[in-house]
Amino acid sequence: MKEFEKSKVIEELGEITSNMYRLGWNERNGGNISWLLDEEMYSDYIDPKNVKRTIPVEFDAGELKGKVFLITGTGKYFKDIEKHPAENVGVVRIADNGKELEVLWGFEGNTRPTSELPTHLMNHIARLKVDPEHRVVMHCHPVNVIAMTFVHEQDDKAFTLSLWGTCTECVLVFPDGVGVVPWMPAGTNAIAEATAEKLHDCHIVIWGQH
Ligand code: 2HA
Ligand code: ZN
């Protein structure tokens, strides 16, 4: 088996997360990413029979059973992923019972997946239903958009129209608009469910005051 640390997947993730940190979208330990991997992306590197440990999932993720994800760790900094991937991210498979993650690589030093795990998994379920090509859920803290949620009506249509109006590129990048989930505690199944509901019609959701 080749070293997964040297794979294209890890190289790309490191590049992306370093950029996001540098741009100020993911300050400190802010933000998280999960990436649904196709088998050919990891099969030369990871033995799917070698489960290192399991981590419980607090809802039924059975719809994703057997799928393999690269997920960032909780409390970890995006700036550290490029140099130390194995302590900051992990590769997991959703167990057949839908209630556990089977760790196949990484999450070293007892690292656990992001606190936004419910949002990531429920959002993958939602997006795969409308777009079979869907692969990535990315969460970040872009300051200008956060500021906007303090002063703007938190309504999908109104927020979308204001964003489209700020710059001509916006309508090209997200013609399906944005959904807005008004403030609620992060890291919960409730915010995951509210977000997943919006993702049937669009691929960007903004969390109020987050
Ligand atoms: O700290 O962004 O929403 C990680 C987060 C939680
Ligand atoms: Zn966050």
Side-chain angles (χ1 to χ4, degrees), residues 1 4 7 9-10 12-13 17 31-76 81 85-86 88-108 110-140 156 176 178-181 184-207 210:
M1 291 256 142
F4 192 58
S7 67
V9 172
I10 288 294
E12 254 183 63
L13 184 80
T17 49
N32 23 79
I33 292 184
S34 60
W35 184 353
L36 171 56
L37 301 179
D38 296 319
E39 199 176 338
E40 63 271 20
M41 296 165 83
Y42 62 85
S43 55
D44 287 346
Y45 306 89
I46 291 173
D47 174 6
K49 290 188 287 299
N50 184 6
V51 176
K52 297 182 189 301
R53 64 188 159 107
T54 59
I55 297 171
V57 178
E58 302 301 332
F59 67 96
D60 182 4
E63 282 188 61
L64 297 172
K65 76 175 176 191
K67 294 205 185 309
V68 172
F69 294 91
L70 180 68
I71 303 183
T72 53
T74 184
K76 302 299 182 185
I81 291 174
N88 291 289
V89 309
V91 173
V92 301
R93 179 176 54 216
I94 312 299
D96 284 346
N97 62 16
K99 290 292 212 176
E100 277 168 345
L101 304 179
E102 300 168 331
V103 178
L104 301 177
W105 178 86
F107 284 155
E108 280 174 13
N110 218 24
T111 297
R112 298 178 66 79
T114 168
S115 58
E116 303 296 357
L117 184 68
T119 280
H120 281 266
L121 298 184
M122 287 191 209
N123 291 188
H124 281 292
I125 292 171
R127 284 307 297 174
L128 283 168
K129 284 195 178 129
V130 290
D131 175 13
E133 301 291 312
H134 159 85
R135 290 294 179 273
V136 174
V137 172
M138 184 190 105
H139 170 66
C140 59
D156 299 344
D176 46 357
V178 299
V180 183
V181 171
M184 61 169 83
T188 57
N189 285 352
I191 199 167
E193 284 158 14
T195 307
E197 213 177 291
K198 301 273 177 180
L199 285 170
H200 290 295
D201 309 313
C202 61
H203 68 285
I204 299 175
V205 172
I206 291 162
W207 286 354
H210 184 118

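What's counted below: heavy atoms across the whole structure, side chains too, no hydrogens, waters or symmetry copies. By convention here, the first residue in the shown sequence is residue 1.
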Note to self: Using every non-hydrogen atom in the two residues, find where Ser43 and Glu40 come nearest and quote the distance to one decimal.
What the structure shows: OG-CA, 3.8 Å

Next item on the list: Show your reasoning for whether side-chain contact (heavy atoms from CB on, under 4.5 Å) applies to Val91 and Val68.
Entry: CA-CA 7 Å; Val91 173; Val68 172; 3.4 Å; yes

Next item on the list: Decide, yes or no, whether a salt bridge links Asp60 with Lys99 under the criterion of side-chain N to carboxylate O below 4.0 Å.
Entry: no

Notebook entry, point to check: Does any non-hydrogen side-chain atom of Arg135 lie less than 4.5 Å from one of Asp38?
Noted result: yes

Notebook entry, point to check: Is there a side-chain contact between Phe59 and Val57, using heavy atoms and a 4.5 Å cut-off?
Noted result: yes

Note to self: Has Arg53 got a side-chain atom pairing as donor or acceptor with Leu104's backbone, closer than 3.5 angstrom?
What the structure shows: no

Margin query: With a 3.5 Å distance limit and no angle check, can you tell me whether Asp156 reaches the backbone of Val180 through a side-chain donor-acceptor pair?
Written below: yes

Note to self: Students often mix this up, so state it plainly: with edges at 30° and 60°, are the rings of Tyr45 and Phe4 parallel, tilted or perpendicular?
What the structure shows: perpendicular

Check: Is a side-chain donor or acceptor of Asp131 paired with a backbone partner of Glu133 at a separation under 3.5 angstrom?
Finding: yes

Checklist line | Non-hydrogen atoms of His200 and Glu197 that approach each other most closely | finding: CD2-O, 3.3 Å

Check: Is there a side-chain contact between Ile33 and Thr17, using heavy atoms and a 4.5 Å cut-off?
Finding: yes

Checklist line | Point-to-point distance, once rounded to the nearest 0.5 Å, from CE of Met41 to OG of Ser7 | finding: 8.5 Å

Next item on the list: Would you name the heavy atoms of Leu199 and Ala126 that are closest together and state the gap between them?
Entry: CB-CB, 4.3 Å

Checklist line | Derivation and outcome, side-chain contact (heavy atoms from CB on, under 4.5 Å), residues Met138 and Asn32 | finding: CA-CA 6 Å; Met138 184 190 105; Asn32 23 79; over 6 Å; no

Check: Can Ile81 and Lys76 be said to form a side-chain contact (heavy atoms from CB on, under 4.5 Å), step by step?
Finding: CA-CA 8 Å; Ile81 291 174; Lys76 302 299 182 185; 5.9 Å; no

Next item on the list: Look at the side chain of Asn189 and the backbone N and O of Glu58, then say whether any donor-acceptor pair between them is shorter than 3.5 Å.
Entry: yes

Item checked: Heavy-atom closest contact (Thr74 atom, Pro113 atom, distance) -> CB-O, 3.3 Å

Check: Counting N and O atoms only, with roles assigned by atom type, does the side chain of Asn123 sit under 3.5 Å from a partner on the main chain of Thr119, one being a donor and the other an acceptor?
Finding: yes

Next item on the list: Considering non-hydrogen atoms only, spot the tightest contact between Val51 and Pro48 and give its length.
Entry: CG2-O, 4.4 Å

Note to self: Nearest 0.5 angstrom please: Trp35 CH2 to Glu12 CD, how far?
What the structure shows: 4.5 Å

Note to self: Strictly distance-based, threshold 3.5 Å: is any side-chain N or O of Glu116 a donor or acceptor partner for the main-chain N or O of Gly187?
What the structure shows: yes

Check: Nearest 0.5 Å, what's the CG-CE distance between Asp47 and Met1?
Finding: 5.5 Å

Item checked: By salt bridge (Lys or Arg N to Asp or Glu O under 4.0 Å) - contacts of Lys129 (at least two apart) -> Glu63

Item checked: Between CG on residue Leu70 and CD1 on residue Ile10, distance to nearest 0.5 Å -> 5.0 Å

Margin query: For a side-chain contact (heavy atoms from CB on, under 4.5 Å) check, start with the C-alpha distance between Leu36 and Lys67, then their side-chain angles and the critical distance, and finish with the verdict.
Written below: CA-CA 7 Å; Leu36 171 56; Lys67 294 205 185 309; 3.7 Å; yes

Note to self: What I'd like to find out is whether the side chain of Phe107 reaches to under 4.5 Å of the side chain of Ile71, using heavy atoms alone.
What the structure shows: yes

Check: Does any non-hydrogen side-chain atom of Leu121 lie less than 4.5 Å from one of Leu64?
Finding: yes

Note to self: Between Asp176 and His203 (side chain of the first, backbone of the second, donor and acceptor by atom type, cut-off under 3.5 Å), is there such a pair?
What the structure shows: yes

Next item on the list: Please examine the side chains of Val137 and His124, heavy atoms only from C-beta on, and report whether any two atoms are closer than 4.5 Å.
Entry: yes

Notebook entry, point to check: At their closest point, which heavy atom of Cys202 faces which heavy atom of Arg127, and how far apart are they?
Noted result: O-NH1, 2.8 Å

Margin query: Quiz question: by atom type and distance under 3.5 Å, do the side chains of Thr114 and His120 form a donor-acceptor pair?
Written below: no

Notebook entry, point to check: Within a strict 4.5 Å, meaning less than it, do heavy atoms of the Trp105 and Pro85 side chains meet?
Noted result: yes

Next item on the list: Measure the shortest side-chain to side-chain distance between Trp207 and Ile191 over non-hydrogen atoms and say whether it is less than 4.5 angstrom.
Entry: yes

Notebook entry, point to check: Can you tell me how far CG of Leu37 sits from CD of Glu39, rounded to the nearest 0.5 angstrom?
Noted result: 11.0 Å

